[in-house]
Each structure stands twice: as C-alpha cells, then as structure tokens.
Amino acid sequence: MMKAIVTGITGQDGAYLAELLLEKGYTVYGTFRRTSSVNFWRIEELGIQDHPNLHLVEYDLTDLSSSIRLLQETQATEVYNLAAQSFVGVSFDQPLTTAEITGLGPVNLLEAIRIVNPEIRFYQASTSEMFGKVQQIPQTEATPFYPRSPYGVAKLYAHWMTINYRESYGIFGTSGILFNHESPLRGREFVTRKITDSVAKIKLGKLDVLELGNMDAKRDWGFAKEYVEGMWRMLQADKPDTYVLATNRTETVRDFVTLAFKAVDIQLRWEGQGEQEQGLDAKSGKVLVKVNPKFYRPAEVELLIGDPQKARDELGWEPKTSLEELCRMMVEADLRRNEQGFSF
Ligand code: NDP
Ligand code: GDP
C-alpha cells in the first residue's frame with residue numbers, strides 16, 4: 001500500500017490533497033501542530049477526519065529530530081510539504097518566524113530524507129510570489145525571480161534547496177510553483193475568502209461594509225482541488241523537476257469583488273480613486289466596499305499570470321474551473337455557513 005506524508009493537513013491544500021490520496025488508496029499521515037486549539041474544520045467539512053487510512057500526526061516543520069522520526073515511523077515513500085507560514089501580510093510583521101518555518105523548515109525534511117531514505121519522493125510547495133516584481137509575462141519555469149515579501153524570499157530559499165538536494169544527492173525533490181489557488185476551504189485572511197465571506201455577511205445583513213487594501217493587484221486564481229491533483233502528478237513523473245501550475249488568466253482584486261457581489265445579485269458601481277475608491281450598490285447607492293490603507297503592504301506584487309504549458313505537456317494537467325464558477329462556489333459556501341451561524 002502507498003504511504004504518503006502530507007504536512008499541513010489543517011490547511012486548505014493539505015485537506016484537499018489528503019482527500020485525493022485517500023481516494024487513490026493511499027495511507028495518509030497528515031501532520032498538524034500542537035496548538036491550544038487544533039482546528040480540523042477543513043477535513044471535517046470534507047468528511048475524511050475518521051477515514052481508517054488517515055492518521056493524524058503531531059509534528060512541527062522546524063524540528064529536525066521530529067522530521068527524522070516522522071519518516072522512520074511512517075515508512076512513507078512520498079512527502080508533500082505543504083506546511084508553511086503562508087500569509088504574505090503576516091510575513092512583513094514576522095519575517096524571522098517566516099524564514100524559520102517557510103524557508104528553513106523544508107530543509108529539515110530534505111535532511112531527514114537524506115538520512116532516513118534517499119528514495120523518498122519530496123514535493124515542495126513553492127509559489128508564484130517568488131516571481132514578485134514583474135520581470136516577464138506570462139511567468140514560466142524560466143522566468144527570473146524577484147520576491148517582494150519575506151514570505152517570497154523564504155519560499156525562494158526552500159525552492160533552491162529542493163533543487164540543490166536534487167542535484168547534489170539525487171533526491172527526488174520536485175518544486176511546484178503554484179499560482180494563487182482558492183476554494184471554500186481557503187483561510188479568511190486571504191483576499192478571495194475575505195471577500196466571499198464578507199459578501200455573504202452583507203447579503204444576510206450581518207455586515208455593512210467590506211474594507212480592502214490594494215484593489216489594483218492582479219492575480220491568476222485557480223481552484224485548489226485541481227492544483228493538488230497537479231502535486232500528485234508531479235510526484236508520479238519519471239524524474240524530479242520544477243513545474244508551474246496556473247490558469248493563464250489574471251484579474252484585479254476589484255474584478256473579484258464585482259464577481260462576488262454578482263453571485264448574490266448585487267450589481268456594484270465603482271466611484272473614486274486610490275484611498276477614496278468606493279463600491280456602491282448600483283440600485284440603492286449604499287456604500288458596500290471601501291479602501292482601508294491598513295491593508296496595504298509595504299511592497300506589493302502587482303501582477304501575476306502564469307503559463308502552465310509544461311505541466312500540460314508533461315503531466316497532462318489542466319485547470320478546468322473558471323473564475324466565475326470558483327467565486328460562485330465560494331460565495332455559496334459562505335452563505336450556507338453564515339446562515340447556519342458559523343463561519344471559519
Ligand atoms: P494554509 O495556510 O491553509 O496551510 C498551511 C499549513 O501549514 C497549516 O496546516 C499550518 O498549520 C501548517 N504549518 C504552519 N507552520 C507550521 C509548522 N511550523 N510546522 C508544521 N506545520 C505548520 O496554506 P495552503 O493550504 O493555502 O497552502 C499550502 C502550501 O502551499 C503552503 O506552503 C503555501 O505557502 C503554499 N502555496 C499556497 C498557495 C495558495 O494560493 N494557496 C500558492 C502557492 C503556494 P496550522 O493550522 O497549525 O497553522
Ligand atoms: P497573496 O497573493 O499570497 O498575497 O494572496 P492574498 O489573497 O493575501 O492577496 C492577494 C492580493 O490582494 C494582494 O495583492 C493584496 O495586497 C491584495 N489585497 C487587497 N486587499 C486585501 C485584504 O484586505 N486582504 C488581503 N489578504 N489581501 C488584500
């Protein structure tokens with residue numbers, strides 16, 4: 001039986017990937033951190049928390065000896081490293097913690113693989129944030145990097161260490177450069193889910209105004225469930241490599257807000273510019289969206305658009321869900337949760 005470790009099972013991608021691997025017949029060791037209140041709402045929402053082949057293991061990515069024990073005790077042959085301090089905004093406030101977890105953390109796993117079993121296949125969750133300041137569009141595996149946040153810099157270190165272990169020790173270390181991917185399981189600190197949850201609350205009369213930062217930023221947003229399939233395909237390939245997963249479509253944050261309100265039959269009219277910009281209900285004239293500069297970042301990634309041609313050619317991977325479908329799916333999930341009186 002195939003055995004896989006998924007670090008960060010309490011996160012969006014960890015939950016979807018665990019679900020996929022269980023469907024494929026794997027035994028899955030999903031790692032979570034010891035915190036005051038562990039949150040398993042995502043795997044509960046997917047209904048896999050009691051699956052007989054899912055084992056939840058306490059683990060911290062920053063600890064080398066735990067990483068060694070994790071590999072020794074599970075005898076897994078595939079490791080998907082999804083654990084990270086993954087929020088760009090927080091990385092500006094906690095650059096050193098971000099470096100320790102997101103940058104150095106993966107090296108604990110690479111070292112553990114080198115020590116315990118160099119045959120183990122390793123997936124590193126790299127990110128389009130490594131491209132940062134626009135050097136070239138669309139962005140591909142060959143685009144130069146120019147990260148614009150402590151998160152992007154930390155991820156770039158882990159990305160190069162994965163390549164370095166591949167080249168130095170022949171370890172099957174693959175790096176997936178994934179563009180933003182969203183879902184109803186996305187954390188509420190990220191802009192899409194903040195928007196869909198707030199739109200649901202506004203529709204239900206539980207919130208007056210949605211406050212956002214830079215609405216001109218453009219992102220290439222895909223559906224997370226499809227992206228975890230790409231991760232799995234990367235580890236089934238003949239050789240380790242680096243792949244971009246993206247949709248090749250980019251839209252502004254403002255466009256996503258407009259789509260989300262449309263999903264609850266509210267048409268927005270935009271007025272003003274910069275910090276004065278507002279989104280109004282086109283019918284009633286009520287202000288529903290405002291800019292709050294507290295959500296601006298010290299340095300911004302203005303434009304991301306990826307070209308997934310290599311993944312398409314070599315892995316047969318293809319994004320399928322449109323941004324309109326994705327946004328509607330997220331708004332509907334948040335309407336349902338808010339109607340039931342809870343929202344994670
Ligand atoms: P989430 O923030 O939802 O999940 C991150 C996970 O990492 C959580 O389970 C978290 O646990 C865990 N974690 C954090 N610190 C540690 C630690 N020290 N030891 C062990 N586990 C830890 O992220 P996503 O699921 O969205 O993303 C998965 C990965 O892909 C991340 O590495 C992210 O940076 C990367 N990525 C994501 C993209 C996206 O658009 N979603 C795009 C490109 C890359 P806890 O619940 O305890 O905090
Ligand atoms: P990121 O691409 O990993 O940084 O994903 P996010 O979802 O956190 O942010 C996407 C873009 O939305 C960035 O350019 C942010 O500056 C922008 N943005 C605008 N307002 C907000 C907000 O209120 N919260 C977040 N998280 N991002 C915002």
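Residue indices begin at 1 and follow the sequence shown. Note that ligands are numbered from 1 as they come in the structure, with each ligand's atoms numbered from 1 the same way.
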*Can you find an N or O of Arg186 that's nearer than 3.5 Å to an N or O of ligand 2?*
no

*Under a 4.0 Å heavy-atom limit, does Glu129 contact ligand 1 with its side chain, its backbone, both, or neither?*
neither

*Of the side chain and backbone of Tyr151, name the one, both, or neither that has a heavy atom under 4.0 Å from an atom of ligand 1.*
side chain

_Taking a cutoff of less than 4.0 Å between a non-hydrogen atom of the residue and any ligand atom, is Phe87 in contact with ligand 2?_
yes

*Among the heavy atoms of Ser126, does any lie under 4.0 Å from an atom of ligand 1?*
yes

*With no hydrogens and no angle check, do the side chains of Tyr123 and Thr162 hold a donor and an acceptor under 3.5 Å apart?*
no

*Any idea which protein heavy atom is nearest atom 29 (C) of ligand 1, and the distance to it?*
Leu82 O, 3.1 Å

*asked:* If we count only N and O atoms by modelled type, under 3.5 Å, do the side chains of Arg69 and Gln72 hold a donor and an acceptor together?
replied: no

*asked:* Determine whether Glu226 and Thr321 satisfy the following criterion, side-chain hydrogen bond (donor to acceptor under 3.5 Å, both in side chains), listing intermediate values before the conclusion.
replied: CA-CA 8 Å; Glu226 294 167 2; Thr321 307; 2.5 Å; yes

_Taking the six-membered ring of Tyr243 as reference, does the cationic atom of Lys310 (NZ for Lys, CZ for Arg) lie under 6.0 Å from its centre and within 45° of its axis?_
yes

*Test of proximity, Gly213 against ligand 2: N or O pairs below 3.5 Å*: yes

*asked:* When you compare ligand 2 with Glu300, is there at least one nitrogen or oxygen pair between them that comes in under 3.5 angstrom?
replied: yes

*Ring centroid separation for Tyr59 and Phe32, is it under 6.0 angstrom?*
no

*Would you say Arg186 contacts ligand 1, with heavy atoms under 4.0 Å as the rule?*
yes

*asked:* Taking only non-hydrogen atoms of Asp60, do any sit less than 4.0 angstrom from ligand 1?
replied: yes

*For atom 21 (C) of ligand 2, find the nearest protein heavy atom and state the residue, atom name and distance (0.1 Å precision).*
Val191 CG2, 3.5 Å

